[in-house]
Amino acid sequence: MISTIYHTLARAYGPLHWWPARTRFEVIVGAFLTQNTSWKNVEHALRNLRRAGALNLASIRRMELRELEELIRPSGYFRQKAARLKTFIEYLDERHEGSLNRMFAQPLELLRNELLELNGVGHETADAILLYAGKLPVFVVDAYAKRVFARHGITESGEKYERVQALVEDALREEESGSALADHYNEFHALLVEVGKRHCGTIAKCASCPLQPLLPV
DNA sequence: GTCCAGGGCCTAC
DNA sequence: GTAGGCCATGGA
């Protein structure tokens with residue numbers, strides 16, 4: 001069923017090639033900034049950083065906290081997010097000599113657990129970093145994925161993150177393998193957000209949804 | 001004016 | 001282990 005949803009969405013919208021960003025570090029910044037925030041607001045904050053020549057590791061490392069807060073203000077929760085970005089860079093410097101290459105060279109599970117220990121990194125942020133910046137095979141579960149799966153009777157509405165993640169990963173692993181897996185997780189997440197934005201707002205929007213024929217009666 | 005967005009943390013029970 | 005409050009801006 002999950003596989004059917006993936007391929008149906010892929011036919012309707014794909015390929016989306018998601019998370020437009022120029023560097024891995026930019027992906028990571030976006031992952032923090034988008035926490036409970038619309039991507040429009042995140043783009044505004046990223047623009048501010050780029051204009052200030054600050055959308056890179058070295059600049060944010062040396063930047064005053066207050067200045068960082070002001071630049072990312074449009075993305076909301078700006079005090080928390082500024083502190084979280086600083087925390088991430090401290091972790092990177094202390095554990096991996098400030099090198100994303102070294103960080104991503106670790107075994108997946110070990111790295112995931114390290115990220116989850118950081119203040120401000122929960123399941124979704126950790127997995128977004130692993131998948132979109134590290135190209136590692138991890139499916140990112142977000143509010144849209146939960147909503148779509150619950151609507152289709154695949155999960156309960158309050159299903160736990162790692163359970164939903166396992167369902168998707170088990171389903172897609174059966175048909176794909178190797179490095180292609182990460183590409184499929186990437187694409188599926190993007191497709192779920194796309195269909196969620198377009199069709200999960202109101203009941204009326206269900207009628208034109210590409211998944212509508214799959215809905216349980 | 002109200003509601004919500006590509007979460008996560010902390011505190012109570 | 002989980003429900004509820006909190007963090008904050010910008011667009012609908």
Side-chain angles (χ1 to χ4, degrees), chain A residues 5-6 9 13-21 24 26-49 51 65-88 90-91 112-136 138-151 155-165 168 182 184-205 209 211:
Chain A
I5 289 177
Y6 173 46
L9 290 175
Y13 302 135
L16 298 179
H17 298 304
W18 218 35
W19 209 298
R24 289 181 301 182
E26 192 173 320
V27 173
I28 292 169
V29 173
F32 281 98
L33 296 187
T34 196
Q35 290 174 354
N36 201 36
T37 300
S38 70
W39 189 253
K40 283 287 178 193
N41 287 8
V42 175
E43 283 179 325
H44 191 166
L46 290 174
R47 247 192 330 271
N48 287 350
L49 287 169
R51 272 206 211 103
L65 183 62
R66 300 304 170 202
E67 187 183 355
L68 181 56
E69 287 178 355
E70 287 313 308
L71 289 171
I72 69 170
R73 181 187 279 268
S75 70
Y77 307 113
F78 58 89
R79 294 188 185 89
Q80 283 189 8
K81 288 173 178 176
R84 288 172 181 186
L85 284 170
K86 285 289 198 181
T87 297
F88 172 79
E90 283 170 22
Y91 150 77
R112 186 168 196 270
N113 288 330
E114 276 189 11
L115 293 174
L116 286 174
E117 282 179 24
L118 299 178
N119 191 345
V121 179
H123 294 111
E124 187 178 336
T125 305
D127 290 340
I129 290 171
L130 293 170
L131 176 62
Y132 291 104
K135 300 190 186 307
L136 298 170
V138 176
F139 179 74
V140 178
V141 179
D142 65 5
Y144 288 119
K146 287 183 176 175
R147 207 173 302 159
V148 173
F149 293 150
R151 179 69 187 91
T155 60
E156 299 294 322
S157 59
E159 198 76 74
K160 296 196 64 163
Y161 185 98
E162 276 153 322
R163 166 114 176 96
V164 179
Q165 182 176 50
V168 174
H184 288 288
Y185 292 156
N186 176 324
E187 193 65 15
F188 196 14
H189 178 210
L191 289 165
L192 287 166
V193 171
E194 188 66 21
V195 74
K197 280 182 178 172
R198 292 190 193 212
H199 297 287
C200 290
T202 63
I203 297 294
K205 290 184 175 178
C209 179
L211 297 179

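Basis for what follows: all heavy atoms, side chains included, without hydrogens, waters or symmetry-related copies. What you see is a predicted model, and the numbers here were worked out from it, not measured in a lab. Quick note on labels: first sequence line is chain A, next is B, and so on, each numbered from 1.
- Spacing between atom CD of Glu162(A) and atom P of dG8(B) amounts to 12 Å, rounded to whole angstrom units.
- In this structure, Lys160(A) places its NZ atom 7 Å from P of dG1(C), rounding to the nearest Å.
- The phosphate of dG8(B) (OP1 or OP2) has a side-chain N or O of Thr125(A) nearer than 4.0 angstrom.
- Of all the residues in residues 112-123 of chain A, Leu118(A), Asn119(A), Gly120(A), Val121(A), Gly122(A), His123(A) reach under 4.0 Å from DNA chain B with at least one non-hydrogen atom.
- Every residue meeting the salt bridge (Lys or Arg N to Asp or Glu O under 4.0 Å) condition with Glu159(A), not counting sequence neighbours, appears here in chain and number order: Arg163(A).
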Contact letters for nucleotides 7-12 of chain C, in which S counts primed atoms plus P, OP1 and OP2 and B counts the base, heavy atoms under 4.0 Å: BBBS--

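- A side-chain donor-acceptor contact under 3.5 Å links Asn48(A) to the backbone of Leu71(A).
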Intermediate values then yes/no, side chain to side chain donor-acceptor pair (under 3.5 Å), Asp127(A) and Tyr161(A): CA-CA 11 Å; Asp127(A) 290 340; Tyr161(A) 185 98; 2.7 Å; yes

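- A salt bridge between Lys146(A) and Glu124(A) is absent, with no side-chain N of the basic residue lying under 4.0 Å from a carboxylate O of the acidic one.
- Checking Gln35(A) against Tyr77(A) by side-chain atom types alone, no donor-acceptor pair falls below 3.5 Å.
- Arg73(A) forms a cation-pi arrangement with Phe78(A), by the criterion of a distance under 6.0 Å to the ring centre and an angle within 45° of the ring axis.
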CA sep, side-chain torsions, deciding dist, call: Arg112(A), Glu162(A), salt bridge (Lys or Arg N to Asp or Glu O under 4.0 Å): CA-CA 13 Å; Arg112(A) 186 168 196 270; Glu162(A) 276 153 322; 3.4 Å; yes

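- Counting to the nearest Å, the P atom of dG1(C) and the CZ atom of Arg163(A) are 16 Å from each other.
- Note: Tyr132(A) and His189(A) meet the aromatic proximity criterion, with ring centroids under 6.0 Å apart.
- The separation between Gln35(A) atom CD and dC4(B) atom C1' is 17 Å, rounded to whole Å.
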